[in-house]
There are 2 protein chains.
Amino acid sequence: MGSQKGSESYQAFPMNGGDGQHSYAQNSTNQRRGTDSAKNIIKETILEKLNLETHLQNSSHTFRIADLGCSVGPNTFFTVQNIIEPVNLKYQSQEEYTTDSVEFQVFFNDHVGNDFNTLFKSLPEDKQYFAAAMPGSFHGRLFPESSIHVFNSSYTLHWLSKVPKEIVDKNSHMYNKGKIYFTSEDKEVAEAYSAQFERDLESFLNSRVLELVPGGIMILIICCVPPNALNAFQTSINIMGNVLVEMANKGLLSEELVDSFNIPIYVPTSEEAKESIKKNGNFKIVKSEFLFRLMNSEYQRDAHSSSMHFRAALEGVFKEHFEHEIVDDMFVQLEKRLASEASILTDPRYKELGELLIIKRN
Amino acid sequence: MGSQKGSESYQAFPMNGGDGQHSYAQNSTNQRRGTDSAKNIIKETILEKLNLETHLQNSSHTFRIADLGCSVGPNTFFTVQNIIEPVNLKYQSQEEYTTDSVEFQVFFNDHVGNDFNTLFKSLPEDKQYFAAAMPGSFHGRLFPESSIHVFNSSYTLHWLSKVPKEIVDKNSHMYNKGKIYFTSEDKEVAEAYSAQFERDLESFLNSRVLELVPGGIMILIICCVPPNALNAFQTSINIMGNVLVEMANKGLLSEELVDSFNIPIYVPTSEEAKESIKKNGNFKIVKSEFLFRLMNSEYQRDAHSSSMHFRAALEGVFKEHFEHEIVDDMFVQLEKRLASEASILTDPRYKELGELLIIKRN
């Protein structure tokens, strides 16, 4: 066994815990909408593509599901339920099926710093599965070989294992001075991010292929941006970067602190994600659907809820690097600017998609 | 599947979390001493009694261990390591063994209210296993059928699933008025506790027999009292009860609050525990050893460390029922009285044993 299981060598950025006003639990309806619209597609694909024969021949009655990047709920519980229902239907349709044929064991995974105590306290009362937590980075190995039947990972793969190292290296010409992200002009930085995304997806897939049973299924919802669309995430992050630079200019924090900080997130194009999966070669894409536009005129969001959404997801990353007061001020400023530049929320050229990819282990 | 998996219908009394001065992590050396002296016996018994044939014939390379009532560490990590080492030796002695023959998956179990966040943060850096947490009461089902190879549960089974119902029923003649535990005079209350212990051990064993693989092993360390010895735990709890009654007499809390409170712990005799296991019929006792005397003149404890030990283990139960200030005062009083009645700590007639029982599923 490799030592990778022991050491947490990845950067970890947990969502805000608890259930207060800035918590992920209270600010993740956006992710929830994606999960809901995926439900029927997941159900149909499981009924059509999941192969139970091997499982039923095997003496084990345990069907194992893992949600990677589960955060603190409640979305993860809906997701798990949406997987269990069609699997149960599928079992019931088998001749060999008896009421006791299957027991579900569900692993909730997220970084070690995730608030698992809150997750456990909010487990559904009527759950029909054994619920376990598996802490650790999904960029490495998490489970024993051939032990998981269905993986899920929703809106998680845009989180990189780390910021690309070139852009935080002072001596590199790619050092990302005066910014915390990139714009469409910063070709080299964008490429460094893209390459990091590809490396991370590769190590994610290489771990999962070992952990899945043969024929096992992985359900991924990936944040992506259509070609030629404007990227609202990128625009918002750059607003935050500008706010921080202005604060540094006023002497409220050091310039170097801003220069050395970058957001470890990359929102790929749909093609980039699919190409990486094909290149890996261990999985077949059995379903690919765009879910809904996360941020456009059809799905109006006001400046307040939008900034709260960013805060729930990103506050932890900022507060690891900056003083808490600075971060609080920055989110207040973000809301003000989103309100004054309302086009970011309503301009139809801003498009961000959730792409549902269901892939099957060869 | 029964609904028992979903509902946490048992009372839960987590150890003190975190790592502060009253934490379980800082006040569990007593438990640690028991674990250490058990190490060699466990090693020998695993080498002698564990049967790997079925496992190696099976295509699975996963060896699953669960520690029931793990608290927040660090004892649970030592315990797990003490099991993994002989299992690894055993594997290496098999002809079919190759370096990749086995991957360990370890489940850390405790009540939903346990501080799993702290547990996860203190997982050993160099651990050679996949570590998961499984929240829930070990008096019910926790794992899928035939999925665990070795269970461990150290110093846990004295925790009852609930206080025997007769003694908290105002209308029962067994209503335990003016006390929070029983003395040797309270025959009926003692019997109610004993019967509850037996019911709980029975449901514990009935769950485990389903979850263990055939031939699987369970390592139990049970707190027990030799016949005719004085029970230091009982004496100390009754001191706490007296303190509370005196506080009620002074009007600091209501008398009814004391009357309705009882400690959900029963320290059996060694014979009681073994008889229950034999009666269950699903397990063979393959090893039975007394570990060391927890509380006697050989193992001097001062009043301070003794009261801290009680506080780390019991504060949660008291604070669920009484005002926090009352409980703080009670522990201060406990220390004073243990100091003034030093015989409780040194009288050789006070004996409490850890009995190591290794049992094997038929």
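Just so you know, these numbers use all the heavy atoms, side chains as well, and skip hydrogens, waters and symmetry mates. Just so it is clear, the structure is predicted and the values come from calculations on it, not from any experiment. Just so it is clear: chains get the letters A, B, ... in the order the sequence lines come, proteins before strands, and each one is counted from 1.
- Residue A:Phe108: no heavy atom, backbone or side chain, is found under 4.5 Å from chain B.
- Every residue meeting the side chain to side chain donor-acceptor pair (under 3.5 Å) condition with A:Asp67, not counting sequence neighbours, appears here in chain and number order: A:Thr76, A:Asn152.
- In the displayed structure, B:Lys165 atom NZ is contacted under 6.0 Å by at most 12 heavy atoms of other residues, nucleotides or ligands.
- Between A:Pro144 and B:Glu103, the closest heavy-atom pair is CA-OE1, 3.2 Å.
- In plain terms, the two heavy atoms of B:Asp115 and A:Asn117 that are nearest each other are OD1-ND2, 3.0 Å.
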Discussion item. side-chain contact (heavy atoms from CB on, under 4.5 Å) for B:Val112 and A:Lys121? Distances and angles first, verdict last.
Written reply: CA-CA 6 Å; B:Val112 171; A:Lys121 280 167 198 155; 4.1 Å; yes
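- Residues A:Phe130 and B:Phe143 approach most closely at CZ-O, 3.5 Å, considering heavy atoms.
- Crowding of B:Lys284 atom NZ: a count of heavy atoms from other residues, nucleotides or ligands under 6.0 Å not exceeding 12.
- The structure places CZ of B:Phe107 at 9.0 Å from CE of A:Met134, a figure rounded to the nearest 0.5 Å.
- The 12-atom threshold is not exceeded at CD of A:Glu323, counting heavy atoms of other residues, nucleotides or ligands nearer than 6.0 Å.
- For the residue pair A:Pro135 and B:Ala132, the shortest heavy atom distance occurs at CD-CA, 4.5 Å.
- Within a 6.0 Å radius of NZ in B:Lys90, more than 12 heavy atoms belonging to other residues, nucleotides or ligands are found.
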